[in-house]
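Structure incoming, see below.
Throughout, numbering of the chain's residues begins at 1 and tracks the sequence.
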Amino acid sequence: MSEAIAARRYAGALFQIGTEKGTLEELEKELRIVREVFQENEQFYTFLKHPRIKSAKKRQILNEVFQGLQPNVVHTIALLVERGRIEITPFMIDHFIQMVNDAKGNAEVTVYSVRELSSAEKAQLEKSFSKRFDMKSVELKNEIDSTLIGGLKIRVGNTIYDGSVKGKLHRIERDIATANK
């Protein structure tokens, strides 16, 4: 089973539990915390992945580290560890957040630009994205990408819209190459 499919299945199961119990927002907040812990602490990730460390010890450490989080979150991470699928955790969390956003009619948009966007530019982009994608609200995050020559690269969920100069030049190059065949 591919990692994307497995991540979607775990996210779907957790989403179903959250929907039944009415705890989607809490689960989302807590999964964001889990993602942050994994991103900031590579040693913890390496520990959980290590084949010589027994599952019971890993579960004990998970319970200590994520003490105070909902049992469903800790249990899901423990299942991923026990089944040797810990590497799909970030993907599972991303899928879960996407499912929650879709259910609420929200969208998370990341805009990559050469410079920091002004408040007016951000507001205009949020307005046009909420209209285009028929969303109630859009949470826009601006990231500086010095590799861009100009223009914008926009990520909505798992889809990237490349309006950068570099992307346009690449498409022109590809079109010329295919026209010559």
Pairing of R115 and E121 as salt bridge, 4.0 angstrom limit: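 Yes.
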Shortest non-hydrogen separation from P90 to E87 and the atoms involved: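 So the minimum-distance heavy-atom pair works out to CD-O, 3.5 Å.
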Connected via hydrophobic side-chain network under 4.5 Å: Y161 and L148: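 Looking at the clustering, L148 is in a separate group from Y161.
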Derivation and outcome, side-chain hydrogen bond (donor to acceptor under 3.5 Å, both in side chains), residues D94 and Q98: CA-CA 6 Å; D94 289 343; Q98 185 65 45; over 6 Å; no
Any V73 side-chain heavy atom under 4.5 Å of I33 side chain: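 Counting from C-beta outward, V73 and I33 never come under 4.5 Å.
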Gap between atom NE2 of H170 and atom CG of D162 - 0.5 Å precision: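 With rounding to 0.5 Å, CG (D162) is 9.0 Å from NE2 (H170).
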For G167 against S164, the heavy-atom pair lying closest together: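 Shortest heavy-atom separation between G167 and S164 comes out as N-OG, 3.0 Å.
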I154 with L169, same ILVMFWY side-chain cluster at under 4.5 Å: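 Different hydrophobic clusters.
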Value rounded to 0.5 Å, distance of CD1 in I176 from CZ in R171: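 Atom-to-atom, I176:CD1 and R171:CZ are 13.5 Å apart.
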Salt-bridge present (E143, R155; N to O < 4.0 Å):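 Answer for the salt bridge query: no.
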Chi angles and distances behind the side chain to side chain contact (heavy atoms under 4.5 Å, CB included) call for V37, F66: CA-CA 10 Å; V37 167; F66 296 122; 4.0 Å; yes
Validation row: E116, I144 side chains within 4.5 angstrom (heavy atoms):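 When only atoms from C-beta onward are counted, I144 and E116 do touch, with a gap below 4.5 Å.
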Test item: D145 side-chain N/O and Y112 main-chain N/O as donor-acceptor pair under 3.5 Å: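 Absent.
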Connected via hydrophobic side-chain network under 4.5 Å: F129 and L117: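 Yes, F129 connects to L117 through the hydrophobic network.
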Greater than 12 external heavy atoms within 6.0 Å of Q43's CD: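 Result for CD/Q43: open.
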Value rounded to 0.5 Å, distance of OG1 in T23 from CG in L14: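 Going from OG1 on T23 over to CG on L14, the span is 8.0 Å.
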Residue pair S113 / N142: nearest heavy atoms and the distance that separates them: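 Scanning both residues completely, I find the closest heavy atoms to be OG-ND2, 3.0 Å.
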Flag, side chain of E30 to backbone of Q70, donor-acceptor distance under 3.5 Å: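 Yes: the side chain of E30 pairs with the backbone of Q70.
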Nearest heavy atoms of G12 and M99, plus distance in Å: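 G12 and M99 have their closest heavy atoms at CA-CE, 3.7 Å.
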Atom CZ of F91 with >12 non-hydrogen neighbours under 6.0 angstrom: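 Open: at most 12 neighbouring heavy atoms sit under 6.0 Å from CZ of F91.
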Value rounded to 0.5 Å, distance of OG1 in T46 from CG in N41: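 These two atoms lie 8.5 Å from each other.
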For I77, the option from N72, I86, L69 that meets side chain to side chain contact (heavy atoms under 4.5 Å, CB included):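 Going through the options one by one, the only one that passes is I86.
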Side chain to side chain contact (heavy atoms under 4.5 Å, CB included) assessment of L24 paired with K104: CA-CA 10 Å; L24 282 178; K104 293 193 299 188; over 6 Å; no
Worked verdict on F38 versus L48 for side chain to side chain contact (heavy atoms under 4.5 Å, CB included): CA-CA 10 Å; F38 277 93; L48 292 175; 3.8 Å; yes
Straight-line distance of L140 CG to T110 OG1, nearest 0.5 Å: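 L140 CG to T110 OG1: 8.0 Å, rounded to 0.5 Å.
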Heavy atoms from other residues, nucleotides or ligands near NZ of K122 exceed 12 (cutoff 6.0 Å):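 Yes, because the 6.0 Å sphere around NZ of K122 holds more than 12 heavy atoms from other groups.
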Linked, directly or transitively: V111 and I97 (ILVMFWY side chains, under 4.5 Å):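 Shared cluster, no.
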Non-hydrogen atoms of A7 and I88 that approach each other most closely: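 It is N-CD1, 3.8 Å.
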E42 atom CD: more than 12 heavy-atom contacts under 6.0 Å: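 No - once you tally the heavy atoms of other residues, nucleotides and ligands closer than 6.0 Å, there are 12 at most.
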Atom pair CE (M92) and CZ (R8), whose distance is rounded to the nearest 0.5 Å: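 Output value for this atom pair is 14.0 Å.
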Verify same cluster id: V114, L125 (apolar side-chain graph, 4.5 Å):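 The answer is no; the residues belong to distinct hydrophobic clusters.
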Identified side-chain hydrogen bond (donor to acceptor under 3.5 Å, both in side chains) partner of Y10 from the options R85, R83, H95: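 When R85, R83, H95 are each tested with Y10, the side-chain hydrogen bond (donor to acceptor under 3.5 Å, both in side chains) holds only for R83.
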Parallel, tilted or perpendicular: rings of F96 and F15 (30°, 60°):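 Aromatic pair F15/F96 classed perpendicular.
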Residues K153, K166; criterion side chain to side chain contact (heavy atoms under 4.5 Å, CB included); working and verdict: CA-CA 10 Å; K153 196 186 297 184; K166 185 178 179 180; over 6 Å; no
Flag if over 12 foreign heavy atoms under 6.0 Å of CD, Q67: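 No - once you tally the heavy atoms of other residues, nucleotides and ligands closer than 6.0 Å, there are 12 at most.
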Flag, side chain of K58 to backbone of H50, donor-acceptor distance under 3.5 Å: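 Such a contact is found between K58 side chain and H50 backbone.
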Main-chain N/O of N106 paired with N101 side-chain donor or acceptor, under 3.5 Å: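 Such a contact is absent between N101 side chain and N106 backbone.
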Check ion pair E108-R32 (N to O, under 4.0 angstrom):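 Counted as a salt bridge, because a side-chain N and a carboxylate O are separated by less than 4.0 Å.
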K141 NZ: over 12 foreign heavy atoms closer than 6.0 Å: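 12 or below, so no.
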